[in-house]
Each structure stands twice: as C-alpha cells, then as structure tokens.
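Treat the numbers as computed from the prediction; the structure is a model and nothing was measured. Computed from heavy atoms alone, side chains included, the values below leave out hydrogens, waters and symmetry copies.
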Amino acid sequence: MSGGDNLDFEIRPHPAPVAPAQRTAMLANPGFGQIFTDHMVTIRYADGKGWYDPRVEARAPIPMDPASAVLHYAQEIFEGLKAYTTPDGGVAMFRPDANAARFAASAQRMAMPAVPTGMFLESLRQIIRIDRQWLPQIEDGSLYLRPFAFASEVFLGVRPAREYLYLVIASPAGAYFSGGLKPVTLWVSPDYTRAAPGGTGAAKCGGNYAAGLAAQAEAIEHGCDQVVYLDAVERTYIDELGGMNVFFVLDDGTLVTPPLTGTILPGITRESVIKLAEKAGRRVEERKVSFEEWRTGAASGRIREAFACGTAAVITPIGTVRFPDGEFTVADGDTGPVTGALRQELVDIQRGRAADPFGWVHRVI
Ligand code: PLP
Ligand code: COI
C-alpha cells in the first residue's frame, strides 16, 4: 500500500463498553479532558509503506518500547476540535478540514509524514459514529476530539523517525475553565517566552506546551488561569495565551488581534472570529499590540474588552491582567457586549442553531 488514503478501517467494537447508566452519570458534569469514550482510532506508518492498518478499537494503553523516539526527542503533534449535537439530534463537527490542514502543516514543521486529509476526516467520522452516545446533552457540552501522532520508531539517533502512530481519542467536555463563562485572569510572565521566530510556535506540537508548563505553574501560583506570552525578541508585544489566541475590542468597535508571524498558533477560532466580524462589517486589524498599549488602553477606555479564543475555551472574556508589578482590569472584569455577542454568534453556528454562511459545519450523523 502507498501512503495514500486507506479508508478501509477495521472496526473492533469494545467487548465491554461502559454501561449506559454509568456513562450517563459521567456525562452529567464532564469538565474538560477528564473522561474518555470507549474507543480510539489507530493508524500506523512506516517509511516505504505509508499509512497502514487503520482501526477503530477499544480505548486502551498503547505498548511503548522505552526507546520509542517520541519519549526522547518529543516528535509529536496534535489537534483539537469539537463535535456537537445538532438541534435535530444529529452530530456535526466544526471546521475539521481546517484542523486537517493545520495537522499537515504541523507535521511538516516536525519532520513527520502528513496524514492525508481524507484519512484524517474519516478517522474523526469513525470515532464519532462508534461513540456517539458519549455526546453530553448539557449546556455547552461537546465531544472534544484529539487526533495526534508521534514517532514510534525504536531508535535513539537524532533524525526524523521512520515509524509513526496516529491516534484519535475522544473526550466528552463541558467548559474548559471551571468558572464557566466568568472572565479569566491572566499572568504576564516576566521570564518565560513561548516561541521565537524560526521556532515551532505555529505548529501544534506537544513540546510547545511542555515548554509553557513552568510559566503556567507560575500563573497558578499568582492566582491566574492562564499565561499571556510576550514576544520572545523584544518582550514587548502580546503573542497569545498558553492555549488560546487573544483579541482586543477598541472603543470604536474595531477588533485587534496579533498577526500570524510564525510564533503563534494560527487558531481556527481566531480565523472564524475574523471572518464573522468582517462579514458583519466590523473592522478587524491584525497587528502587533504591545503590553503597554493594552495597559494604558484599558485605563483610558480605548481598549474596552479583551477575550481569549480557542476550541477548548470557545470565546472567554479576559478580566484581570496581572504582572509582577501590579495588575489592571479590562471591561470592569465583566463579559463585554462585543465579546458576549461574538461568542453567541459562533456557538450558534457551531451547534447548528444559526445559518452557516461559510460552510463550517460538517454533518457526520
Ligand atoms: N493557541 C494555542 C497555543 C492553542 O493551544 C490553541 C488551541 O488549540 C489556540 C491558540 C486556538 O486554536 P483553535 O482555535 O484552532 O483551537
Ligand atoms: C484546544 O483548544 O484544542 C487546545 O488544544 C487548547 C488546550 C489548552 C486544551
């Protein structure tokens, strides 16, 4: 078989799935990333053979040789997207083709083989079909899909591996932040940066998150929910959060967001917000915003609102911004009207409750 689209998945249903009553109890308050469905997708890759042996099987630990390359050199990438129950009881994914494209771009940056788009999309459809009972029927509930791939070759030399494993797991989810839609508090790290020009900031690789954990721990120590990173060169401009992009709302209604210069993740939610805002005639600027502009703008009223956006966080208002010398508050620490309206508009499209002008919603069931 070549490295093409092998869509012939072997399906081995779980011999002992979670009992319906227990599943219902688990789905009542799933939180984020804590519970998982019964199945997973696995596909293997070897140089010269391409992707092979696509399967849907019981979710289970994966045997790993201690010399598997990923355990040493972190050659790993992942994606995150959500499936939602539609008003008529079906299931749809939001912009999975955009995740497929970003997964391929991340693969290229990490010297890994790309998963063909058709195979990526089919792997998501497969897990949704077999685990559809795991969609939580609660407000803000969704099935978070986590496709990922890593170097499975048993070899300690430093070069791109010749064998990989691609998997998809699924995790029923509620709100990412335990406060729900309450504005989050951010920590501006004085010491740590996330990504430098030429680095891996635009790739969704596990290493970026590992490198951010010390900063995230510092944020938590200071009573904050997330880190907001400054650019690594001048330590002046806002890049993004540990797991979300950031937008500012000016007093004239303009949206401002840092540009995609290679150091931030090109968020699919970010792009969706830009498209929706522009369609509604709102001005959007992709430009650098300094920490100083934010601090003084929040004080003067020029920057009225700020929000974080991403698949897990959807659109989450930013309340307080804390740094070693002090803190300031955006929008009086409330959810601003523009943030609230954009969130509602996006969520309604994602959940099939509003028209889908850009063809973002992919029906699975
Ligand atoms: N930035 C980082 C570092 C992220 O981890 C995420 C989440 O995936 C985002 C931004 C937002 O990306 P998306 O909207 O595609 O989920
Ligand atoms: C996502 O939104 O999918 C992410 O990967 C962010 C992570 C913090 C959960």
Colleague: Kindly list each side-chain donor-acceptor pair under 3.5 angstrom involving residues 20-32, sequence neighbours excluded, with atom names and distances?
Modeller:
| residue | atom | partner | partner atom | Å |
| --- | --- | --- | --- | --- |
| T24 | OG1 | P20 | O | 2.9 |

Colleague: Which hydrophobic side chains are connected to Y73, either touching it within the sub-4.5 Å cutoff or through other members that do?
Modeller: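 Traced through the cluster, Y73 reaches L156, V158.
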Colleague: W187 and side-chain hydrogen bond (donor to acceptor under 3.5 Å, both in side chains): which single residue from H222, E327, E218 fits?
Modeller: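 When side-chain hydrogen bond (donor to acceptor under 3.5 Å, both in side chains) is applied between W187 and each of H222, E327, E218, only E218 qualifies.
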Colleague: Identify the two heavy atoms, one from S152 and one from L165, that lie closest to each other, and give their separation to 0.1 Å.
Modeller: OG-N, 3.7 Å
Colleague: Is the closest side-chain heavy-atom distance between I11 and Q126 below 4.5 Å?
Modeller: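 In contact.
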Colleague: Hey, mind stepping through F291 and Y229 against ring pair (Phe, Tyr, Trp, His ring centres under 6.0 Å) and telling me if it holds?
Modeller: CA-CA 10 Å; F291 173 68; Y229 289 105; over 10 Å; no
Colleague: Can we call the ring centroids of W134 and F36 under 6.0 Å apart?
Modeller: no
Colleague: What distance separates D356 CG from R363 CZ, expressed to the nearest 0.5 Å?
Modeller: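 Those atoms lie 11.5 Å apart.
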Colleague: Are R159 and E153 packed together at the side-chain level, in the sense that at least one heavy-atom pair is separated by less than 4.5 angstrom?
Modeller: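 Side-chain contact under 4.5 Å: yes.
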Colleague: Between the side chains of E293 and Y237, is a donor N or O closer than 3.5 angstrom to an acceptor N or O?
Modeller: no
Colleague: Would you call R129 and V91 a side-chain contact if the rule is heavy atoms closer than 4.5 Å?
Modeller: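 Counting from C-beta outward, R129 and V91 never come under 4.5 Å.
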Colleague: Would T254 and D252 count as a side chain to side chain donor-acceptor pair (under 3.5 Å) here? Give the steps.
Modeller: CA-CA 6 Å; T254 300; D252 63 2; 2.8 Å; yes
Colleague: Rounded to the nearest 0.5 Å, what separation is found between the OG1 atom of T236 and the CD atom of E292?
Modeller: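 Atom-to-atom, T236:OG1 and E292:CD are 9.5 Å apart.
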Colleague: For the residue pair F150 and Y45, is the inter-centroid distance of their aromatic rings smaller than 6.0 Å?
Modeller: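 Not close enough - the centres of the two rings lie 6.0 Å or further apart.
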Colleague: With the side chain counted from C-beta on, respond yes when S272 and F94 share a heavy-atom pair under 4.5 Å apart, and no when they do not.
Modeller: yes
Colleague: Apply ring-ring contact (aromatic ring centres under 6.0 Å, His included) to H14 and list each qualifying residue two or more places apart in sequence or on a separate chain.
Modeller: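 So H14 forms no ring-ring contact (aromatic ring centres under 6.0 Å, His included) with any residue.
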Colleague: Just by distance, with hydrogens left out, do R194 and Y192 show a side-chain donor and acceptor under 3.5 Å apart?
Modeller: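 No, Y192 and R194 have no side-chain donor paired with an acceptor closer than 3.5 Å.
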Colleague: Flag the pair F328 / T320 as yes when at least one side-chain heavy-atom distance between them is below 4.5 Å, and no otherwise.
Modeller: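 F328 vs T320: side chains apart.
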